[in-house]
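Just so you know, these numbers use all the heavy atoms, side chains as well, and skip hydrogens, waters and symmetry mates. Lettering follows sequence order; numbering is per chain, from 1.
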Amino acid sequence: MEKLRTVRGVHDLLPEELYIHNKVINTALETSDNFNYSQIEIPIFEFAEVFKKPLGESSDIVTKENYIFKDRSNDELMLRPEGTSGVVRAFLNAGLVHDIPQRFSYYGPMFRYERPQKGRLRQFKQFGVECLGLSSTMADVEVICLGNEFLNKLNVLEKINLKINTLGDFESRNNFRNALVNYFEDYRSSLSKESLNRLSINPLRILDSKDEEDQKVIKNAPNIMEYLNVDSRIRFQNICKGLDHLNIEYTIDKNLVRGLDYYCHTAFEFTTNELGSQGTVLAGGRYDGLSKILGGLDVPGVGWAAGIERLALLVDTEIVNKTDVVLIGQAENFNYLLLPIMKKLVQQGIKTEIIYSGNLSKKFKRANKIKASYAIILGEEEVDKKLLKFKDLTSGREEFIDLKQIIKKIKN
RNA sequence: GCGGGUGUAGCUCAGUUGGUUAGAGCGCGGGUUUGUGGUACCUGAGGUCGCCGGUUCGAAGCCGGUCACUCGCCCCA
């Protein structure tokens with residue numbers, strides 16, 4: 001009989017790791033709240049169509065990475081592989097099309113059936129923001145600024161680079177795609193197997209191939225910048241100007257692309273090289289086509305999503321989990337007096353633990369281990385005096401006082 | 001999905017060309033101290049050597065499979 005375990009790529013989160021995750025999430029919530037993005041929560045599973053339509057039937061996420069299942073009413077459901085589709089769906093359902101702009105943030109688990117690696121799990125958490133209803137490039141810059149500020153607050157910015165690119169509008173992108181296909185057709189024999197495959201399905205993706213032979217061909221491939229129409233070009237210039245104004249450093253990476261059809265114009269990625277091939281830590285772009293694909297009106301949108309696990313691996317934190325006070329009974333028969341004291345302390349917001357077992361020496365060792373600041377000792381002498389012994393564990397000083405005074409001292 | 005690496009106590013790891021009761025440090029429990037900790041000493045618990053099968057008189061060590069983790073690819077956060 002094999003021991004019960006978690007399924008592949010799905011992990012338990014023990015307190016220390018969860019502490020860091022929560023720190024990342026809280027920093028994100030705080031930052032996005034300051035930017036006036038309101039938190040929403042959407043279901044973890046949806047009708048499969050919600051993801052299939054926007055992502056495209058041929059995308060990897062839908063074809064080989066999905067968790068699709070039928071429920072008892074025979075509805076085809078899917079565990080969400082990303083957040084944007086659901087957020088936009090919720091926005092449409094709530095009729096907020098008539099109340100734009102809307103700024104949302106969300107976080108929670110996503111599911112992708114991929115080969116697990118460090119920083120790549122089958123159940124993982126994303127935090128994301130979406131700005132809906134603004135087509136101005138100001139919104140793109142705002143959203144990037146928010147992401148940048150978030151990473152800054154997390155204190156990881158020095159490990160991270162921002163790359164941006166534009167995909168142009170649908171017209172520019174189509175022209176570019178055709179040019180690409182024409183170009184790569186001439187080099188079929190030098191392309192890798194994967195890239196040949198991409199040539200028919202998603203030629204843009206060839207551009208970010210890591211294959212060395214591919215790279216040689218890509219070097220002289222058509223440049224998206226030359227295929228942008230005037231509007232798209234101006235938009236991109238505005239983005240760059242906006243970032244310059246904010247003193248946000250970035251590099252233009254003309255090979256940065258997006259696989260999904262609903263993306264247009266701005267694409268950006270915050271990446272690190274400290275996580276191997278899972279370097280993308282926060283990424284997003286503009287997705288003006290999405291709401292229409294989901295059956296709504298044409299509503300522009302721009303946003304990003306960040307990988308909590310990946311960021312947690314970058315964050316340098318001391319895990320602070322201090323206990324304010326421990327309660328120690330001289331012997332076991334005094335223990336019953338401790339819970340009522342704990343109750344009063346807890347009501348004052350004081351973090352308390354009762355140490356039940358071991359001799360006094362062991363109990364104090366435990367107090368050290370859980371980083372307690374104070375100890376309250378209760379035994380014969382205390383009962384006689386109707387006072388408690390209060391010990392400051394940093395100075396080692398002890399005194400006999402009552403609970404009210406103790407509370408005052410702990411709270412300063 | 002494809003290719004490489006790894007898998008021995010809760011954790012980090014030893015384990016000599018296959019040889020008898022598989023070790024250490026840290027951590028954990030008890031004690032030295034029947035009223036006092038951050039040291040020190042004593043002591044205890046804890047492993048079917050990832051799992052299954054094969055080779056062998058004999059396997060933690062060799063072979064095959066499998067599972068998990070990990071690195072690269074694919075893809076992505």
Side-chain angles (χ1 to χ4, degrees), chain A residues 1-3 5-11 14 16 24 28 55 59-65 81-84 107 109-128 147 192-195 197-198 201-202 205-206 208-212 214 256-260 268-272 275-284 303-314 326 328-334 355 357-382 389 391-398:
Chain A
M1 167 100 180
E2 209 179 317
K3 232 191 266 180
R5 53 176 181 80
T6 60
V7 317
R8 186 177 202 199
V10 176
H11 293 181
L14 298 180
E16 292 203 349
V24 173
L55 299 171
S59 67
D60 275 22
I61 289 180
V62 171
T63 55
K64 62 174 200 190
E65 296 172 2
E82 56 107 31
T84 306
Y107 75 90
M110 306 294 165
F111 305 85
R112 256 120 97 154
Y113 188 88
E114 293 185 276
R115 178 118 176 203
Q117 256 176 57
K118 190 173 175 183
R120 197 176 70 187
L121 302 170
R122 289 184 174 179
Q123 176 179 336
F124 60 102
K125 291 197 290 253
Q126 281 190 342
F127 180 96
S192 65
K193 201 173 63 196
E194 281 90 15
S195 287
N197 192 30
R198 285 184 279 227
I201 295 175
N202 197 339
R205 286 238 77 102
I206 299 177
D208 64 3
S209 167
K210 285 167 196 160
D211 184 278
E212 276 184 33
D214 285 355
L256 175 67
V257 295
R258 280 285 117 87
L260 310 176
F268 58 90
E269 278 182 11
F270 289 86
T271 61
T272 177
L275 294 179
S277 54
Q278 277 69 247
T280 305
V281 120
L282 184 154
W304 50 255
I308 303 301
E309 288 79 1
R310 289 183 185 179
L311 284 169
L313 291 169
L314 290 185
V326 292
I328 293 174
Q330 179 205 330
E332 206 163 324
N333 56 321
F334 292 97
I355 301 176
S357 61
N359 55 27
L360 274 193
S361 164
K362 292 292 174 189
K363 287 176 177 173
F364 274 95
K365 279 182 181 160
R366 166 84 189 163
N368 289 328
K369 195 189 152 195
I370 63 176
K371 299 190 189 92
S373 306
Y374 304 97
I376 294 173
I377 301 112
L378 179 53
E380 279 172 49
E381 202 180 344
E382 288 75 17
K389 185 179 269 180
K391 178 165 185 171
D392 181 328
L393 290 170
T394 27
S395 67
R397 250 180 323 190
E398 300 182 342

Using a heavy-atom cut-off of 4.0 Å across all strands, would you classify A/Glu114 as base, sugar-phosphate, or nothing? base
Please determine if a side-chain N or O atom of A/His11 lies less than 4.0 Å away from the OP1 or OP2 oxygen of B/rA68. no
Distances under 3.5 Å between nitrogen or oxygen atoms of protein and nucleotides 38-40 of chain B:
residue : atom : partner  : partner atom : Å
B/rG38  : O4'  : A/Asn368 : ND2          : 3.0
B/rG38  : N1   : A/Leu393 : O            : 3.4

Is A/Ala283 touching bases, backbone alone, or none of the nucleic acid, heavy atoms closer than 4.0 Å? sugar-phosphate
Atom CZ of A/Arg122 and atom P of B/rC67 are separated, to the nearest Å, by 11 Å
Atom CG of A/Asp208 and atom P of B/rC76 are separated, to the nearest Å, by 8 Å
Take the protein atom NZ of A/Lys193 and the nucleotide atom C1' of B/rC73, then report the distance between them rounded to whole Å. 10 Å
So, the side chain of A/Arg397 versus the backbone of A/Asp392: is there a donor-acceptor pair under 3.5 Å, distance only? no
For B/rC76 and A/Gln278 - does any side-chain N or O of the residue sit under 4.0 Å from the phosphate oxygens OP1/OP2? no
Phosphate OP1/OP2 of B/rC76: any A/Arg120 side-chain N/O under 4.0 Å: no
Identify the pairs formed between an N or O of the protein and an N or O of nucleotides 33-36 of chain B at a distance under 3.5 Å, and give each distance.
residue : atom : partner  : partner atom : Å
B/rG35  : OP2  : A/Gln330 : NE2          : 3.4
B/rG35  : O6   : A/Glu381 : N            : 2.8
B/rG35  : O6   : A/Glu382 : OE1          : 3.3
B/rG35  : N1   : A/Glu382 : OE1          : 2.9
B/rG35  : N1   : A/Glu382 : OE2          : 2.9
B/rG35  : N2   : A/Glu382 : OE2          : 3.0
B/rU36  : O2   : A/Lys391 : NZ           : 2.6
B/rU36  : O2   : A/Glu398 : OE2          : 3.1
B/rU36  : N3   : A/Glu398 : OE2          : 2.6
B/rU36  : O4   : A/Lys389 : NZ           : 2.5

Is the A/Phe127 ring parallel, tilted or perpendicular to the A/Tyr107 ring (thresholds 30°, 60°)? parallel
Answer syn or anti for B/rG61, where the cut-off is 90° from 0 on the glycosidic torsion. syn
Under 4.0 Å, counting only non-hydrogen atoms across every strand here, what does A/Gly147 touch: a base, just sugar-phosphate, or nothing? nothing
A/Arg366 near the nucleic acid: base, sugar-phosphate alone, or nothing, with a heavy-atom cut-off under 4.0 Å? nothing
Need one value for A/Ile355: base, sugar-phosphate or nothing, where a base atom within 4.0 Å counts as base even if backbone is also close, heavy atoms only. nothing
What residues, two or more places apart in sequence or in another chain, satisfy salt bridge (charged side-chain N to carboxylate O under 4.0 Å, His left out) together with A/Arg122? none
Between B/rC75 atom C1' and A/Arg112 atom CZ, what is the distance in whole Å? 8 Å
Rounding to the closest angstrom, what is the interatomic distance between B/rG7 and B/rG47 at atom C1'? 14 Å
Send over the distance from A/Leu311 CG to B/rA77 P, rounded to a whole Å. 13 Å
Has A/Ser277 got a side-chain N or O lying under 4.0 Å from the OP1 or OP2 atom of B/rC71? no
Can you tell me the distance, in whole Å, between the CG atom of A/Leu121 and the P atom of B/rA68? 14 Å
A/Asp211 side chain to A/Ser192 side chain, donor-acceptor N/O pair below 3.5 angstrom: no
Touch check for A/Lys362, heavy atoms < 4.0 angstrom, all strands: base, sugar-phosphate only, or nothing? base
Value in whole Å for how far the C1' atom of B/rC71 lies from NZ of A/Lys210: 12 Å
Which part of the nucleic acid, if any, lies within reach of A/Arg8 when heavy atoms closer than 4.0 Å are counted: base, sugar-phosphate only, or nothing? sugar-phosphate
Answer for the Watson-Crick or wobble partner of B/rU6, both distances under 3.5 Å, is B/rA68
Using whole Å, report how far CZ of A/Arg115 lies from P of B/rC69. 10 Å
Test for a donor-acceptor pair under 3.5 Å between the base of B/rC74 and the side chain of A/Arg198, counting only N and O atoms. no
